[in-house]
Amino acid sequence: MRRLVGRNFARIRQERGLTQEKVAEISGFSQQYISGLERGHRNPTVVTLFELAQAIGVVPIELLSSD
């Protein structure tokens with residue numbers, strides 16, 4: 001699940017032309033946290049998923065989708 005969320009987050013972030021640094025600036029999470037998330041090393045809470053989804057302009061379920 002962590003890897004799925006990380007892959008989805010990285011894909012969507014890149015599709016929207018956002019850098020990890022820009023997402024960190026928008027979301028308030030550190031660039032190191034974003035990097036760890038994208039590599040599947042972080043276990044985000046539901047609140048964190050919500051806040052990160054808002055930062056990249058998607059609904060949280062898109063981060064959990066296996067499609």
Side-chain angles (χ1 to χ4, degrees):
M1 182 55 72
R2 287 188 306 257
R3 284 181 284 177
L4 174 65
V5 169
R7 281 193 309 263
N8 286 338
F9 188 86
R11 177 183 48 78
I12 294 166
R13 176 184 61 75
Q14 292 166 358
E15 288 173 355
R16 294 175 185 264
L18 297 168
T19 63
Q20 289 181 351
E21 292 80 8
K22 184 64 177 173
V23 173
E25 181 183 312
I26 294 167
S27 69
F29 292 95
S30 71
Q31 184 273 327
Q32 291 80 12
Y33 183 88
I34 305 278
S35 175
L37 176 86
E38 290 185 358
R39 289 181 284 128
H41 295 188
R42 297 288 182 170
N43 192 20
T45 67
V46 172
V47 172
T48 298
L49 285 177
F50 178 80
E51 292 172 352
L52 289 170
Q54 281 191 313
I56 62 172
V58 297
V59 293
I61 196 69
E62 290 187 52
L63 299 178
L64 303 172
S65 177
S66 61
D67 294 336

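Remark: Arg42 pairs with no residue by the side-chain hydrogen bond (donor to acceptor under 3.5 Å, both in side chains) rule, at least two apart or across chains. A search for salt bridge (charged side-chain N to carboxylate O under 4.0 Å, His left out) contacts involving Arg3 returns nothing, not counting sequence neighbours. Scored by the side-chain hydrogen bond (donor to acceptor under 3.5 Å, both in side chains) test, Arg7 finds no partners at all (sequence neighbours excluded). Applying the side chain to side chain contact (heavy atoms under 4.5 Å, CB included) rule to Arg11 yields the partners Asn8, Glu15; only residues at least two apart in sequence or on another chain are considered.
Residues Asn43 and Met1 fail the side-chain proximity criterion, which asks for heavy atoms closer than 4.5 Å.
Atoms CD and CZ, on Gln14 and Phe9 in that order, are 10.5 Å from each other to the nearest 0.5 Å.
Within the structure, side chain to side chain donor-acceptor pair (under 3.5 Å) contacts touching residues 22-31 (residues at least two apart or in different chains) are Gln20-Gln31, Lys22-Glu25.
Here the closest non-hydrogen pair linking Arg13 and Leu18 is NH1-O, 2.8 Å.
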Sequence neighbours excluded and cut-off under 3.5 Å, please list the side-chain donor-acceptor pairs for residues 45-58, or say none.
from	atom 1	to	atom 2	distance (Å)
Thr45	OG1	Val47	N	3.4
Thr45	OG1	Thr48	N	3.0
Thr45	OG1	Thr48	OG1	3.0

